[in-house]
Every structure is written in structure tokens, then in C-alpha cells.
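Every chain is numbered from 1 and lettered A, B, ... according to where its sequence line falls, protein lines coming before strand lines. Computed over heavy atoms, backbone and side chain alike; hydrogens, waters and symmetry mates excluded. The structure displayed is predicted, hence computed values, not measured ones.
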Amino acid sequence: MTGTFGKGHHLHLIDGSAYIFRAYHALPPLTRQSDGLPVGAVAGFSSILWGEITRDKGAGAATHIAVIFDHSSKTFRNRLYAPYKANRPEPPEDLRPQFPLTREATRAFNVACIEVPDYEADDIIATLARQAVEAGGSCTIVSSDKDLMQLVRPGVDMHDPMKNRPIGPDEVMEKFGVTPDKVVDVQALAGDSTDNVPGAPGIGLKTAALLINEFGSLEDLLSRASEIKQPKRREALEQNADLIRISKQLVSLDANAPVPVTLDALEVTTPDPEKLMAFLTEMEFRSLARRVSERLKIAAPVIEARSDDSPQTAEETRLPFDHAAYEAIRDRAALDRWIARIRDVGHVAVDTETTSLDEMQAELVGISLSVDAGQAAYVPLGHKQGGGDLFGSTELVAGQLGLDETLKALKPLLEDPAILKIGQNMKYDWKIFARHGIRITPFDDTMLMSYALSAGLNNHGMDELSERHLGHQPIPIKSLLGSGKSQLTFDRVGIEDAVKYAAEDADVTLRLWQKFKPQLHRARVTTVYETLERPLVTVLANMEMAGVLVDRDTLSRMSNAFAQKLAQYEDEIQDIAGEKFNVGSPKQLGEVLFDRMGVPGGEKGKTGAYATGADVLEDITTLEDSHPKGARLAAKVLDWRQISKLKSTYTDALQLAINPETGRVHTSYSIAGANTGRLASTDPNLQNIPVRTEEGRRIREAFVAPKGKVLVSLDYSQIELRILAHMADIPALQQAFRDGLDIHAMTASEMFNVPLDQMTPEIRRRAKAINFGVIYGISGFGLARNLRIPRAEAQGFIDRYFERFPGIREYMDATVKFAKDNGFVQTLFGRKIHTPEINAKGPGAGFAKRAAINAPIQGTAADVIRRAMIRMPAAIEGLPARMLLQVHDELLFEVEESATEALIKAARDTMEQANHPVVPLKVPLVVDAGQGRNWAEAH
DNA sequence: GGAGTCACG
DNA sequence: GACGTACGTGACTCCG
């Protein structure tokens with residue numbers, strides 16, 4: 001220890017935030033060798049930090065050191081002048097992950113990170129510099145930022161780390177034309193367009209310096225403005241005096257910011273070699289690691305680019321889960337401690353506890369946080385009295401922070417671009433916070449990381465991931481809530497129990513993130529995660545929150561009509577059968593048909609029940625001659641089933657799904673539900689609204705646009721066949737798509753040698769079935785069943801198809817071989833779909849083979865529309881339009897009538913170009929558009 | 001809670 | 001040579 005900071009001590013202040021941006025733009029875009037993680041700014045930063053720590057003793061060498069970061073984008077200056085720094089662009093995508101890494105680097109070098117809410121880094125630098133000089137020491141500001149030049153004075157100088165040159169009074173004079181103490185006056189006059197500092201119109205740096213030098217100071221200048229000879233200048237000053245004074249306030253740094261550390265705490269210490277080397281090894285900074293190890297006289301680590309089979313690193317050693325270690329945050333001091341800790345670490349796992357799985361209805365009950373494995377806390381906010389009894393009290397349990405106060409305290413953190421928020425299924429929490437006016441950014445999602453890494457291997461729920469990757473079974477929610485009818489909501493759970501459960505969720509999420517983060521790069525799915533998964537979260541959240549307007553009356557009338565019809569069918573069915581039975585019971589129906597009425601051909605499945613599926617019943621309806629009663633009954637049951645389905649699944653259920661507050665239906669999309677990359681829609685499923693039958697299509701009439709608006713539907717034409725034509729590289733099919741031909745007719749013509757102008761619907765139908773069959777991993781049996789033709793004939797079609805388009809067979813064989821060799825298949829965009837059953841023996845192998853053939857095609861189509869959706873908000877920005885629904889190859893929009901054409905143009909263009917620029921296709925993507933007052937008209 | 005059925009792409 | 005199959009989903013209804 002060198003004692004209290006004072007004479008002979010020298011403080012180095014590194015402007016962290018500014019440096020990251022400068023390094024990012026100035027240095028070549030270095031990436032980590034093993035996986036391409038962008039680390040250029042981190043490398044540059046680490047290098048100057050090391051230089052600062054080790055600079056030779058002597059004049060100017062640091063005895064104390066700190067790195068200063070901006071806390072968040074909004075500061076007290078925005079209250080003075082709202083537009084201040086308001087149009088700063090978002091940081092580039094490949095810079096974002098480097099913010100937390102830079103903080104990590106600082107900690108690895110054992111240097112203090114300082115940031116203060118509501119203040120810019122520059123204010124903290126001003127404050128510490130003042131303190132250093134007042135204590136009798138000196139200070140060097142490591143930055144080239146002109147805004148800091150006002151601080152140069154005896155005892156305070158600057159150092160430009162990029163150009164490695166000092167900045168003293170001479171350099172300040174060179175830049176501003178005045179001495180450092182007059183820099184703010186010049187800046188106030190000249191303004192700054194990038195920061196939105198207004199200044200005086202028409203006066204730039206040169207003129208400003210001239211005027212200040214002439215009049216001595218800004219105040220003197222303003223009070224004697226009338227003496228200025230040039231009329232334009234004089235007017236600019238006279239008419240803008242207030243704006244100029246505000247400008248001066250904006251550019252003047254506050255040297256009395258509340259800095260939470262003492263100078264003594266900033267003393268330079270030797271870094272912990274183990275910790276530092278671990279960081280440098282992780283980053284793969286070879287030359288810096290060598291320099292550091294020489295200096296610290298330790299062995300240089302061998303840094304090799306890691307690969308999938310590299311041994312597990314020490315970071316993955318397991319820390320046991322300890323529920324007793326979790327903290328309950330019940331007062332403001334504890335909350336503030338956690339917020340400070342989170343800022344220090346630069347990332348936080350966040351999880352919300354609510355009263356419902358429906359984000360549109362759920363009430364926030366508590367928030368859990370975790371910053372490192374084992375370090376987690378829970379903030380109870382809405383826990384109420386009364387667990388077991390039917391009528392719980394509405395009184396809040398004592399000892400909880402207020403919801404509004406807590407959210408107000410957390411909002412800057414959750415929206416801070418430099419703090420990474422980590423969630424499991426972040427779309428849920430994002431929507432919960434969005435309903436409270438908080439837009440979480442940036443974030444990672446462990447569910448989506450897992451999906452990018454291992455789609456097809458396992459599901460991606462937290463409990464499953466925890467057991468699989470952490471070997472830990474989290475507390476089951478059922479143990480707190482019970483199940484079934486008497487299930488509690490989370491607000492009735494005792495806080496003690498809630499802390500253990502909720503904090504554990506955040507802990508698990510954080511540990512999963514630590515584990516997945518390096519794996520993404522190693523598995524080369526970072527691009528998939530960053531471009532196809534993560535950006536979809538907010539897009540879907542906004543679609544889900546928008547919802548779609550559904551007309552209850554239309555549905556209600558249809559339900560009533562269906563009810564009558566069903567009753568009538570039931571009478572007729574029981575008449576024919578000669579007995580009463582439950583038409584909805586396949587088991588009873590089978591027994592009536594095959595046992596009692598004697599219809600031939602009944603087949604029992606593995607459970608011993610007769611099969612009574614639509615295909616079976618349809619076959620029976622053809623027995624009019626041999627078994628007329630059976631034929632009539634089967635036909636009636638088919639009718640009954642259709643109506644029953646429409647009523648129960650659609651007209652009844654959709655009415656119940658209308659949100660009482662919004663009057664709209666809000667589905668939920670699972671991003672990681674389908675293995676191929678498709679979305680899945682649940683609660684309610686709006687991706688299977690009827691369309692194939694006339695009766696069913698009428699349900700779409702209940703999906704309407706509000707007054708003055710219309711619904712617009714845009715769907716990709718034949719997207720999977722186009723992708724097949726590209727992937728399997730079939731020139732004839734590609735040309736047909738380029739020529740805009742009827743692809744099924746063209747296929748039929750090629751296969752059956754029928755000229756296009758002599759094509760019959762029947763021949764075309766067969767070709768269409770084959771085209772689809774190919775996408776599904778065709779088999780003679782499947783095609784035979786689909787077309788209801790003998791198996792041998794179907795096989796003949798397939799043989800002819802492969803003969804005519806040999807590339808299809810080659811594609812199928814190559815895909816299956818790839819799956820067998822690698823255990824996964826890939827889409828054109830790099831999405832991996834694992835095929836663990838591909839080498840299995842038995843019937844499972846057939847399934848796996850066909851799934852492997854289908855997955856790249858279906859998955860690539862899914863990727864294409866994902867890309868379109870992700871680009872859509874920007875593409876339709878400014879239009880009075882919203883994207884509402886996705887149905888695999890269709891997007892549904894709601895738009896003000898007058899903007900319909902503009903929307904169609906913008907959205908269609910986005911969809912048709914969605915593959916570009918990364919995956920050029922040899923076929924065009926074509927989008928059909930429709931519009932109308934309801935979905936039936938629009939489709 | 002699994003099986004059967006059927007709605008969609 | 002037999003085995004059973006079109007690919008991917010979700011919701012509803014029976015029924016044990």
C-alpha cells in the first residue's frame with residue numbers, strides 16, 4: 001500500500017465506452033479463431049489496459065487506474081434538453097456482445113469499473129480528475145474524445161490511445177483554437193450535430209474560437225453581442241442566447257457526480273494470473289497472453305482453437321445448487337445492491353413469476369435475478385395472503401417492494417444496451433415487461449440457444465435442459481401450485497417457497513447460458529441463433545400482443561346452426577343404426593358398424609379398437625350396393641364429424657379465446673416447438689383455421705378487420721417445391737418456375753408424355769401428389785394410399801419420376817447419407833435439425849429417413865419466412881399497418897384501407913427477397929396477395 | 001394421460 | 001425378405 005492518494009500519485013482514467021466504439025471502427029474486425037465471435041474491440045481494449053497497468057515507473061506511470069463506462073443512454077442532460085444524443089444509432093450487431101466482454105476484461109485485469117446512473121462517463125471522469133488534483137496528485141485521461149478536452153489543466157492531461165500520443169494544452173489549442181478552460185464556451189457556440197447540441201446557427205468551430213478569443217468568455221460575448229459587426233452573426237447570437245446557454249450546460253461536464261468509490265480503492269494491483277490467463281485463453285488472445293505471461297513470469301498457456309471434441313474446460317465444473325443461498329429482495333437497499341452488482345457484471349438472468357401462462361392476462365407476482373452460478377435472488381412483489389382456502393385475501397403480504405417502484409428502478413437496467421439480459425423463453429417475460437412499459441434489450445434466450453444447438457435431439461423447456469445439461473432437477477412448479485382444479489396461482493405461494501423456486505429458475509437459466517454461449521460458436525450455429533431465432537422474439541411478441549379481431553356474433557350464429565345440424569345428424573345416424581350410441585366415440589362407432597351392422601373390412605389396431613378414420617369411412621360409403629345401410633351411416637358420420645370439429649375446435653373455442661380487454665384473439669407462437677424451424681401456434685392455434693371445405697372456410701369470415709381497415713394476406717407460391725428444385729438442382733423444374741408455368745402440369749407432362757395443352761385434371765392431380773410426396777420422402781405405399789391406386793402402379797410412377805428427374809433421387813440419397821454421417825441435416829441457412837433415429841434398426845429408420853429428406857426443404861422454407869418477418873417491421877415502418885399472423889407460408893396483415901397497395905408492395909418485396917443476400921436461389925420466390933374485410937376474402 | 005381423429009401448411 | 005410408412009404441427013373427445 002502506498003497510503004492515501006496524494007502527491008506523487010498518478011491516476012489513469014480510461015474512457016471505456018468511447019474506446020469500444022473507436023476500437024470497433026478503427027481496428028480490423030478481428031474474430032475469435034475457433035468460432036468467429038467478434039472480439040476486435042475487446043482485444044484492443046485489453047491491450048491498452050495492459051499497457052496502462054504495466055507502463056514503466058516514472059513520470060506519468062499510473063499508480064491508480066479505473067475504467068469508466070456510460071451507465072445508460074439517458075442522463076440528466078436529457079431533462080435539460082430532450083433531443084440530446086437522441087439520434088445516436090443502435091450499436092452494430094457484432095459490437096453488442098463485446099460490451100459485456102469488455103467489462104469482463106476489466107475485471108480480469110483486476111481494474112475497477114465505474115459507472116453511475118444518470119451520468120455520462122465523461123462526468124465521472126471530470127469528478128475523479130478533480131478529486132485527484134485536489135488531493136495533490138495528477139491524472140491522465142485515456143481518451144481522444146474532444147468533449148473531455150475541457151478538463152486539461154495543470155495536473156490533468158490526456159492520452160490518445162489509438163494514436164498513442166499525448167493531448168495537452170497545445171493539442172487542445174490545435175483542435176478548438178482556445179485554451180482548455182474556454183473549450184466549453186466554444187463548444188456551446190459551435191454546437192455538435194452528432195450529439196444534437198444546438199449551439200448558434202451558422203457558427204462553426206472557427207468562428208466560435210474567434211469570438212471567444214476576442215470577447216474573452218461566452219457570457220461577455222452574449223452581453224456585448226451588439227458590438228459584433230457582421231449582422232448575421234450578431235442576430236444568430238442575439239436571437240439564440242437561451243439555446244446557447246443550454247448548449248453550454250449540455251457540454252459542461254459535471255465534476256461533482258456521485259462517484260461511489262474513493263481514489264484509494266483504485267490503486268494498481270497485480271492481476272490474479274490464473275483469472276487473467278483464463279480470460280485471455282477463452283478469448284484466444286495469443287500474443288497478449290504471451291506478453292502477460294512474460295511479465296508475470298508464468299508459463300504461457302497453450303491456446304488452441306477449440307473444437308467440438310475438445311475437453312470440457314474448468315468453467316464447467318459443477319457448483320451444487322443451494323436453495324438456502326438465494327436471497328429475498330425485500331427493501332430498496334437490497335434492490336440497489338443487486339442493481340449495482342448487475343451493472344458491475346454486465347449481464348443478468350431474469351425471470352418473471354406471474355399468475356398465468358397467458359401473457360396477455362398474467363399479473364406480475366415477482367422477479368428473479370441471477371448474475372453468476374449460485375448467485376440468485378427473488379423480488380416478491382404481488383404475493384397475497386391465503387394459500388389453501390378458496391377465497392384468498394386480496395391483501396398483499398407485508399415485506400414486499402412496491403411494484404411500480406421496483407419496475408422504475410429496474411427499467412434503466414432492463415433497457416440498457418450495455419447490460420445483457422438472459423432469459424429462458426424470453427418472449428414471455430418480454431411481453432410481461434412490455435405491458436409495464438419496459439422494452440427489454442438486448443437479450444439472450446437459452447431456449448433459443450438450445451434450439452439452435454440441438455433441434456431434434458430434445459425439447460427445450462427449462463426443466464429438461466436443466467436435467468440434461470446441469471444434471472439438476474429444478475423444484476417442480478406442481479409442488480408449489482398443486483395440479484388440477486385446486487391449482488393455486490403463483491401469487492398465493494408463500495414467499496419463502498417462492499424465493500427458492502423462482503431464484504432457482506434464474507440460477508438455472510444463467511448456468512445454461514454460460515454453458516450454451518461457447519457451444520453456439522463451436523457448433524457454428526451463431527448465425528442461425530443471431531439472425532433467425534433471437535430477432536424473431538420481439539417480432540412475434542408484437543404480433544401476439546396485436547392479436548386479430550374476431551367477430552363473436554358470427555361465430556355464435558354458426559355455433560347455433562351447427563348445434564342444430566349435429567342433433568339432426570345424430571337422429572339420422574341412430575335411426576340407421578337402430579340404436580342409440582355416442583357418435584363421438586370411435587370405439588362405439590366401430591362396434592356398431594363392424595360388429596352389429598356387419599360391415600365388412602373392419603380392422604383393429606394395436607389397441608384392439610376398430611379404425612374408423614375418415615379414409616376408412618370413405619371406403620365404406622362406396623359400398624352402396626353391397627351394404628347400403630353401412631354406406632349411408634358412414635356418410636352421415638363423416639358429415640357429423642366435420643361439423644362437430646368445426647363447432648368444438650373453432651366456432652365454440654374461438655369465442656372463448658377472445659380477450660375481454662382487447663376484444664381480439666391473441667395466439668402464442670412457439671419458436672422452438674417444431675424441429676424443422678417452423679413456428680407452432682397455440683392457445684388458440686390460428687395456423688389450422690379451416691379453408692379446404694366451403695363450410696369450414698366460412699369460419700374465416702369471422703376474422704375481420706376493424707372499421708376503416710382491411711386484412712391483407714400474402715403467401716408464398718409453392719415455396720417448398722421451389723426450394724426442392726433449387727436444392728436438388730433440377731434444371732427442368734427451375735426453368736418451369738422461372739417461366740411461371742403450372743408446375744404440377746409441367747411435371748405431369750414430363751412424366752406421362754402428355755403435351756401441356758392436352759393435360760387432364762386427373763393426370764395433373766397425380767403429378768401433384770407425386771410432387772408433394774417427394775417433399776415428404778416419397779414411398780410407393782404412401783403414394784398408393786394417397787392416390788388410392790395399387791401399390792405397384794404408384795411405385796411405377798415414382799420410378800418414372802426419378803428417371804425423368806434423376807437429381808431428386810441423388811438429393812434424397814445424399815441427404816440421408818449426410819444424416820447418417822453427421823447425425824443432423826441442414827437448411828440452406830445453416831439451421832441444424834438432428835436425426836438421432838437415422839441409424840436405428842426397424843420401422844423407426846423409415847420414419848427418420850423421410851423426416852431427414854423433408855427437414856431441409858421444410859426448414860429452409862421456414863427460414864425464408866422467418867427472415868421476411870424479421871425484416872418486416874423496418875420494411876413497413878411508417879405505414880399504418882401491422883403484421884398479425886403467420887401460417888407457415890402466409891403472413892396476414894391489418895392495414896388502413898388507404899395504405900393497402902403500399903403495404904402489399906412493401907411486404908411482398910420483403911418476402912420475395914427474403915433469401916437475399918446470403919442464399920441466392922436458382923428459382924424466383926413468388927408471393928400472391930389478397931385483401932378483404934375478412935380472412936376468407938383476403939386469402 | 002394416451003389414443004384416435006381431424007384442422008392446417 | 002419383411003416391416004409398415006407419406007413431412008410438420010395442435011386441439012378436442014373419449015375412456016381407462
Side-chain angles (χ1 to χ4, degrees), chain A residues 455-456 483-484 581-590 604-617 637-638 640-654 656-657 667-670 673-693 695-697 699-700 715-721 724 769-787 791 794 798 812 825 833 835 841-859 861-862 865 885-890 939:
Chain A
S483 64
F581 70 100
N582 186 347
V583 183
S585 165
K587 183 167 172 274
Q588 293 181 32
L589 174 67
K604 289 186 177 179
K606 0 179 190 235
T607 56
Y610 287 112
T612 67
D615 49 348
V616 175
L617 295 186
V637 170
L638 282 169
W640 182 92
R641 283 211 181 141
Q642 197 206 350
I643 301 302
S644 167
K645 176 80 176 179
L646 294 179
K647 181 171 186 292
S648 67
T649 308
Y650 300 104
T651 58
D652 287 354
L654 278 174
L656 299 173
T667 183
S668 180
Y669 289 101
S670 19
N675 289 334
T676 53
R678 272 197 181 179
L679 302 178
S681 162
T682 61
D683 309 305
N685 182 354
L686 296 186
Q687 289 182 320
N688 69 346
I689 303 302
V691 70
R692 289 173 185 170
T693 66
E695 201 117 42
R697 194 155 45 236
I699 289 170
R700 294 195 172 213
D715 68 293
Y716 284 105
S717 161
Q718 309 283 12
I719 186 167
E720 292 191 354
L721 270 179
L724 172 71
I770 295 169
N771 275 334
F772 277 105
V774 167
I775 291 171
Y776 297 151
I778 199 160
S779 74
F781 185 91
L783 183 65
R785 208 176 66 165
N786 188 277
L787 284 176
R791 195 174 153 178
I798 294 170
M812 292 170 75
V825 291
I833 299 119
T835 55
K841 298 265 178 279
F847 283 110
K849 248 172 95 169
R850 291 190 297 270
I853 291 165
N854 172 259
I857 303 167
Q858 187 181 118
I865 197 166
L885 300 178
Q886 188 248 42
V887 193
H888 309 308
D889 63 0
E890 172 188 6
H939 188 76

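- Residue S681(A) has no polar side-chain atom (N or O) positioned under 4.0 Å from OP1 or OP2 of dC8(B).
- Here F847(A) lies in heavy-atom contact (under 4.0 Å) with sugar-phosphate atoms only.
- Using a 4.0 Å heavy-atom distance criterion, R697(A) is classed as making no nucleic acid contact.
- Side chain of R678(A) to backbone of Q858(A): no donor-acceptor contact under 3.5 angstrom is found.
- Nucleic acid contact for D715(A): none, since no nucleic acid atom lies under 4.0 Å from a heavy atom of the residue.
- Side-chain atoms of Y669(A) come within 3.5 Å of backbone atoms of Q886(A) as a donor-acceptor pair (strictly under, hydrogens ignored).
- Within the 4.5 Å cutoff, side-chain heavy atoms of L589(A) are placed close to those of R641(A).
- Among the atoms of the strands shown, none is found under 4.0 Å from any heavy atom of A862(A).
- When heavy atoms are screened at a 4.0 angstrom cut-off, R641(A) is found touching the sugar-phosphate backbone but no base atom.
- Note on E890(A): nothing from the nucleic acid sits closer than 4.0 angstrom, heavy atoms only.
- For the C1' atoms, the distance from dA2(C) to dC6(B) is 31 Å, rounded to whole Å.
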Practice item. Report the secondary structure of DNA chain C in dot-bracket form, marking unpaired bases with a dot and bases paired to a different strand with |, and treating Watson-Crick or G-U pairs with both distances under 3.5 Å as paired. Key: ......|||||||||.

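- Among the heavy atoms of the strands lying under 4.0 Å from S585(A) are primed sugar atoms or P, OP1, OP2 only; no base atom is included.
- Among the protein residues, A614(A) comes within range of the sugar-phosphate backbone only, with heavy atoms under 4.0 Å from sugar or phosphate atoms but none that close to a base.
- Backbone-only contact: I689(A) has heavy atoms under 4.0 Å from sugar-phosphate atoms and none from a base.
- No engagement by I775(A) is indicated, since no non-hydrogen atom pair under 4.0 Å with the nucleic acid exists.
- When heavy atoms are screened at a 4.0 angstrom cut-off, G613(A) is found touching the sugar-phosphate backbone but no base atom.
- Between K606(A) and N688(A), the residue anchored closer to the 5' end of DNA chain C is K606(A), taking for each the nucleotide with the nearest heavy atom.
- A784(A) comes within contact range of no nucleotide atom at all, as no heavy-atom separation falls under 4.0 Å.
- Between dC3(C) and dC8(B), the two C1' atoms lie 30 Å apart (nearest whole Å).
- Across all strands, D889(A) comes closer than 4.0 Å only to sugar-phosphate atoms, never to a base (heavy-atom distances).
- A 4.0 Å heavy-atom criterion places the boundary nucleotides of DNA chain C facing chain A at dG4(C) to dG16(C), written 5' to 3'.
- Remark: C1' of dA7(B) and CH2 of W640(A) are 15 Å apart, rounded to the nearest angstrom.
- Residue Q588(A) is classed as a sugar-phosphate contact, given heavy-atom separations below 4.0 Å to backbone atoms only.
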